[in-house]
2 protein chains.
Amino acid sequence: MKDMASLKRVDGLPTWLLSRANARAQAILHDAFGRAGVRGYHFRVLAALEEFGPVSQANLGRRTGIDRSDIVATLNDLVVKDLVSRAPDSNDRRQNVVTITRPGEEMLRRLDVALTEVQDVVLEPLNDRERATLIRLLAKLG
Amino acid sequence: MKDMASLKRVDGLPTWLLSRANARAQAILHDAFGRAGVRGYHFRVLAALEEFGPVSQANLGRRTGIDRSDIVATLNDLVVKDLVSRAPDSNDRRQNVVTITRPGEEMLRRLDVALTEVQDVVLEPLNDRERATLIRLLAKLG
DNA sequence: TTATATCGTTGGTCGTGCCAACGATTATGG
DNA sequence: CCATAATCGTTGGCACGACCAACGATATAA
């Protein structure tokens, strides 16, 4: 959202504050990811692949919380960019085995750096104590 | 998002916690609004109309932070539901004058109740002190 | 009066998140 | 052993919030 002259009716409401804060955070994140040529889904899939090793698409979906159908599209992108390889599973011909490639791992490292920087930009208005408190409360809220 | 077995790489990151907490909050809100037959845009437009009185669509967009083109679609819905009336401005024939109707005001009152309840559901995991702190920190973050 | 600005509107795009259904394959239970 | 059920990848769709470009009509400025 560009900007707005805050409505009395929503101003200060937790749901509103959450959506504003999140919008700002996601904008910064989206920007950083965009500079690396990826979106959130790409990162999550790469992260899951590196954390769990080669897995089927269905399992990838379960571990990332991304719908099977969206996993397909995300993998299509990643395969084209050679960040991931997709091969039929010889033990179960229903499944594919998805593996992160070397370029994929390198991309992930770059994204890690970007991600860390983003956190700092997002939390910039808060001091260390406030940051810790916010994280604790948000985690409780989850 | 249905659920997921949290990735090490994102777990605990402010951007992630914010997005999770917001997703939960918006799901609850979306649900409550849905039961009343409206979406977020509808509420924001009604709220702005009641707060500022009859205004043009462009001004409605500025005050709500909603794009002009989306205002058009939102008003189309609201007009059909008789929650709002749209008439050409006789002083400036480029503009329309948008006014909230009686049914619109009644709807707004119902939405107010729902909105208040939603806040409580969203904040349910926190005690009063924590709620105040969260609100303060989120506002700072905005 | 000519140029510029604003208005409503149409018709897109994007990202995230869903859901239904299909053919292919594998597992399960009578 | 065979029928039924479950799972897989995939296609194609929808919702929602957010944004953008461009149009004709109208109004304001230089």
Side-chain angles (χ1 to χ4, degrees), chain A residues 1-4 10 15-16 18-20 22-34 37-45 55-62 64-79 84 86-98, chain B residues 1-4 10 15-16 18-20 22-34 37-45 55-62 64-79 84 86-98:
Chain A
M1 196 186 308
K2 291 243 129 109
D3 61 306
M4 60 166 295
V10 291
T15 47
W16 183 253
L18 261 175
S19 105
R20 298 295 76 217
N22 183 56
R24 174 172 162 274
Q26 297 310 313
I28 294 169
L29 189 57
H30 180 272
D31 227 64
F33 278 176
V38 300
R39 289 172 293 128
Y41 276 14
H42 297 133
F43 171 74
R44 275 154 74 184
V45 165
V55 279
S56 72
Q57 300 185 191
N59 279 331
L60 214 37
R62 288 182 201 109
T64 56
I66 299 174
D67 190 272
R68 267 147 79 215
S69 61
D70 299 317
I71 290 285
V72 172
T74 303
L75 289 181
N76 290 346
D77 297 343
L78 293 174
V79 165
V84 138
R86 171 163 49 181
D89 186 329
S90 43
N91 291 74
D92 185 339
R93 286 183 301 172
R94 288 172 303 181
Q95 297 181 189
N96 287 336
V97 182
V98 182
Chain B
M1 194 185 309
K2 292 241 125 111
D3 62 305
M4 58 165 297
V10 290
T15 46
W16 183 253
L18 261 175
S19 104
R20 297 295 78 216
N22 183 239
R24 175 174 160 274
Q26 297 309 314
I28 294 168
L29 188 58
H30 180 272
D31 228 64
F33 278 176
V38 301
R39 287 172 294 128
Y41 276 15
H42 296 134
F43 171 73
R44 274 154 73 184
V45 165
V55 279
S56 73
Q57 300 185 190
N59 280 331
L60 214 36
R62 289 183 200 107
T64 55
I66 299 174
D67 190 272
R68 266 148 77 215
S69 61
D70 298 319
I71 290 285
V72 172
T74 304
L75 289 182
N76 289 345
D77 297 344
L78 293 175
V79 165
V84 138
R86 172 163 48 182
D89 186 330
S90 42
N91 292 74
D92 185 340
R93 286 184 302 171
R94 289 172 303 180
Q95 297 180 188
N96 287 336
V97 182
V98 182

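On a predicted model such as this, the values are computed, not experimentally measured, just so you know.
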Counting side-chain heavy atoms from C-beta on, which of [options] comes nearest to [X]?
X: A/Arg93; options: D/dC8, D/dC20, C/dT26; result: C/dT26
X: B/His30; options: D/dT10, D/dC16, D/dC19; result: D/dC16
X: B/Arg39; options: D/dC16, C/dG17, C/dA20; result: D/dC16
X: A/Arg68; options: D/dA18, D/dT10, D/dA27; result: D/dT10
X: A/Arg94; options: C/dC19, C/dT26, C/dG17; result: C/dT26

Task: Heavy-atom side-chain proximity of B/Ile66 to A/Met1 below 4.5 angstrom - done: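 They are not in side-chain contact.
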Task: Heavy-atom check, side chain of B/Phe43 versus side chain of A/Val10, under 4.5 Å - done: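 Answer yes - side chains close enough.
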Within this structure, what is the [atom1]-to-[atom2] distance between [X] and [N], rounded to whole angstrom?
X: B/Trp16; N: C/dT16; atom1: CH2; atom2: P; value: 10 Å
X: B/Leu29; N: D/dA15; atom1: CG; atom2: P; value: 19 Å
X: A/Leu75; N: D/dT10; atom1: CG; atom2: P; value: 8 Å
X: B/Asp31; N: D/dA15; atom1: CG; atom2: P; value: 17 Å
X: B/Phe43; N: D/dC16; atom1: CZ; atom2: P; value: 17 Å
X: B/Leu60; N: C/dT9; atom1: CG; atom2: C1'; value: 15 Å
X: B/Tyr41; N: D/dG17; atom1: OH; atom2: P; value: 6 Å
X: A/Met1; N: D/dG17; atom1: CE; atom2: P; value: 10 Å

Open item on the list: Closest-nucleotide mapping onto DNA chain D: is A/Ala23 or A/Ala58 further toward the 5' terminus? I mean the 5' end.
Closed with: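 Result of the comparison: A/Ala58.
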TODO: Could you pick out which residue, A/Asp70 or A/Asp92, lies toward the 5' side of DNA chain D when each is mapped onto its nearest nucleotide?
DONE: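 By nearest-heavy-atom nucleotide position, the 5'-most residue is A/Asp92.
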- [ ] Classify the nucleic acid contact of A/Arg20 as base, sugar-phosphate or nothing, counting any heavy atom under 4.0 Å across all strands shown.
- [x]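 The residue A/Arg20 makes sugar-phosphate contact but no base contact.
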OP1 or OP2 of [N] less than 4.0 angstrom from a side-chain nitrogen or oxygen of [X], does that happen here?
X: B/Gln57; N: C/dT9; answer: yes
X: B/Asn96; N: C/dT9; answer: yes
X: B/Arg86; N: C/dT9; answer: yes

Open item on the list: Could you report the tightest heavy-atom contact between A/Ala25 and B/Leu18, atom names first, then the distance?
Closed with: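 Heavy atoms of A/Ala25 and B/Leu18 come nearest at CB-CD1, 3.8 Å.
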Open item on the list: For A/Arg39, is there an ion pair with A/Asp77 - N to carboxylate O distance below 4.0 angstrom?
Closed with: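 A salt bridge links A/Asp77 with A/Arg39.
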Open item on the list: Going by the rule salt bridge (Lys or Arg N to Asp or Glu O under 4.0 Å), which residues pair with B/Asp31 if we only count those two or more places apart in sequence or in a different chain?
Closed with: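 If we apply the salt bridge (Lys or Arg N to Asp or Glu O under 4.0 Å) test to B/Asp31, skipping adjacent residues, the hits are B/Arg35.
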Open item on the list: Reading DNA chain C from 5' onward, which residue's closest nucleotide shows up sooner: B/Asp67 or B/Ser56?
Closed with: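 Going by which nucleotide is closer to the 5' end, it is B/Ser56.
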